[in-house]
Amino acid sequence: MQNLSEEEGEAIGVVGQVLPFKANNYVVEQLIDWNNVPKDPIYTLTFPRKEMLTKANYKEIKRLIDSNDEAGLKQKVYDVRMSLNPNPAGQETNVPMVDGIKLHGMQHKYRETVLFFPSQGQTCHAYCTFCFRWPQFSGMNELKFAMKEADLLHRYLLKHRGVTDVLFTGGDPLTAKTSIMARYIEPLLTKEFDHIKNIRIGSKTLSYWPYRFITDKDADDLMVLFEKVKKAGKHLAFQAHFNHPVELSTDAVKKAISRIQNTGAQIRTQSPLLRHINDDHKVWAEMWKEQVAQGLIPYYMFVARDTGSKEFFDVPLEKAWNIFRKAYRSVSGIARTVRGPSMSANPGKVQILGVNEVQGEKVFVLRFIQCRNPDLIDIPFFAKYDKKATWLDELVPAFGEKEFFYEKDNLMDKNGRDSDFIWE
Ligand SMILES: *Cc1c(COP(=O)(O)O)cnc(C)c1O
Ligand code: SF4
């Protein structure tokens with residue numbers, strides 16, 4: 001970290017009070033170009049920067065640190081965190097129940113897929129500065145989704161035969177030991193769980209700690225576990241988070257990717273679009289091309305969530321669409337498996353199909369790629385064009401309408417599909 005200036009060092013101390021901060025030697029030595037700091041994309045992804053807080057909050061937190069006012073600092077940090085919308089898109093809703101017990105380590109929002117947050121995977125190998133899961137890492141326990149009991153997951157799945165996918169997420173579930181993951185996954189390979197076809201693991205470990213798959217003590221065991229999934233006739237879908245092409249460039253990550261592929265698992269990729277990190281269509285095109293070259297399947301481009309240092313990272317929706325389409329049209333068809341830009345909002349995942357003019361009015365054309373109410377998926381709908389909008393809640397319906405189509409006639413509530421509804 002030879003090139004860190006005094007100001008950058010100070011920013012880590014001040015901003016790091018609010019946003020949890022963690023890096024490791026792989027990220028520091030192999031991913032960050034220290035000649036390009038603080039602009040370097042991976043530096044920006046992992047190290048707190050001054051601009052991630054408002055000027056006023058930065059100044060006040062620095063003052064409280066300098067004056068050793070511990071109580072004042074604690075209160076201020078709490079207030080700032082609460083003002084950063086620590087729990088976007090109703091993550092506290094969609095919490096399912098089994099036998100009268102609320103399952104806080106699970107979410108069941110979309111019919112086919114249950115999210116599961118293993119309690120041992122509530123951390124990551126390094127922390128992303130943009131991350132919306134930061135309350136889970138910073139001791140804000142009331143918002144922590146964690147569940148110790150594999151048993152409750154399995155009981156829930158046995159009762160919900162319409163579920164085909166279990167998506168392990170976190171934090172990063174691959175911070176948990178292989179033996180823990182095996183306890184969750186192996187029972188799902190038995191006949192009782194015929195209906196579960198896809199075991200999905202959402203992980204940033206390929207980017208932040210590829211040694212998890214090659215040289216860590218239980219790396220081989222993890223590969224054996226992946227093989228077992230395949231042998232049981234199920235699909236292991238690895239959903240890898242890559243934010244920048246540099247994360248695909250090291251020998252370690254390449255080796256890790258091919259080891260995973262040798263187990264029969266498939267790797268799909270996703271990333272949010274982030275200003276200061278990857279807000280350039282050339283970066284995305286390069287990333288998708290390199291992914292395809294290594295046998296990965298580009299899957300999602302997300303719009304950065306409305307949480308944390310959103311103002312530092314956000315990209316207006318129109319710009320997001322322009323970056324997406326310029327990248328999309330510059331790659332061949334096999335990289336166009338990617339969908340986006342997509343907002344994971346309360347009613348569902350909303351894709352920005354583009355900006356166009358309909359009967360003289362400039363509009364955003366949108367569609368659900370996931371929705372609480374599956375009947376509403378893939379129906380184009382329209383919002384009034386807004387150059388500055390960065391999220392769904394800033395948009396209003398086009399053509400002077402009062403509501404979006406999904407807000408009419410309680411469509412989200414129909415058949416009980418309100419925010420607390422849990423699928424049969
Ligand atoms: C994105 C997401 C999923 C998975 O959606 P896919 O489109 O199947 O990848 C499942 N549950 C929640 C809550 C999600 O946000
Ligand atoms: S790896 Fe994922 S969960 Fe962990 S800090 Fe980054 S975005 Fe958040």
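When a ligand or atom number is given, it counts from 1 through the structure's own listing order. What you see is a predicted model, and the numbers here were worked out from it, not measured in a lab.
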Does ligand 1 come near enough to [X] that some N or O of the ligand is less than 3.5 Å from an N or O of the residue?
X	answer
Y299	yes
R200	yes
T113	no
Q370	yes
R339	no

List every atom of ligand 1 that sits less than 4.0 Å from any heavy atom of Y300, numbering the atoms from 1 in the order shown and giving each element.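 Once the distances to Y300 are compared, the set is 6 (P), 7 (O), 9 (O).
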
Considering only heavy atoms of C124, which atoms of ligand 2 have at least one such atom less than 4.0 Å away?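 Numbered from 1, ligand 2 contributes 1 (S), 3 (S), 4 (Fe), 5 (S).
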
Residue-level breakdown please: for K349 versus ligand 1, do any non-hydrogen atoms fall below 4.0 Å on the side chain, on the backbone, on both, or on neither?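 Side chain only.
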
Tell me whether R339 forms a cation-pi arrangement with Y299, defined as NZ or CZ under 6.0 Å from the six-membered ring centre and within 45 degrees of its axis.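 Geometry flag: set, cation within 6.0 Å and 45°.
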
Where does the angle between the aromatic ring planes of [X] and [Y] fall among parallel (under 30°), tilted (30 to 60°) and perpendicular (over 60°)?
X	Y	value
Y211	W209	perpendicular
F405	F381	tilted
F312	H276	parallel
F168	Y184	tilted

Looking only at side-chain N and O atoms, does T54 offer a donor or acceptor that is under 3.5 Å from a partner on N57?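 A pair is found: one side chain offers a donor N or O, the other an acceptor, under 3.5 Å apart.
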
Considering only protein heavy atoms, which is closest to atom 13 (C) of ligand 1, and at what distance to one decimal place?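 That would be L115 CD1, 3.7 Å.
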
Around atom 12 (C) of ligand 1, find the nearest protein heavy atom and jot down its residue, atom name and distance.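 Here the nearest protein heavy atom works out to Y110 CE1, 3.5 Å.
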
Would W34 and Y43 count as a ring-ring contact (aromatic ring centres under 6.0 Å, His included) if you check the C-alpha gap in whole Å, the side-chain angles of each, and the deciding distance to 0.1 Å? CA-CA 8 Å; W34 288 92; Y43 178 83; 5.7 Å; yes

Electrostatic pair D221:K177 at N-O distance under 4.0 angstrom: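 Salt bridge flag = no for K177 with D221.
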
Give the contacting part of C128 toward ligand 2: side chain, backbone, both or neither, where contact means a heavy-atom distance below 4.0 Å.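 C128 to ligand 2: contacts from backbone and side chain alike.
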
Option whose closest heavy atom lies nearest to atom 8 (Fe) of ligand 2, chosen from P173, P272, G170, C131: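 Checking each option, the heavy atom nearest atom 8 (Fe) of ligand 2 is found in C131.
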
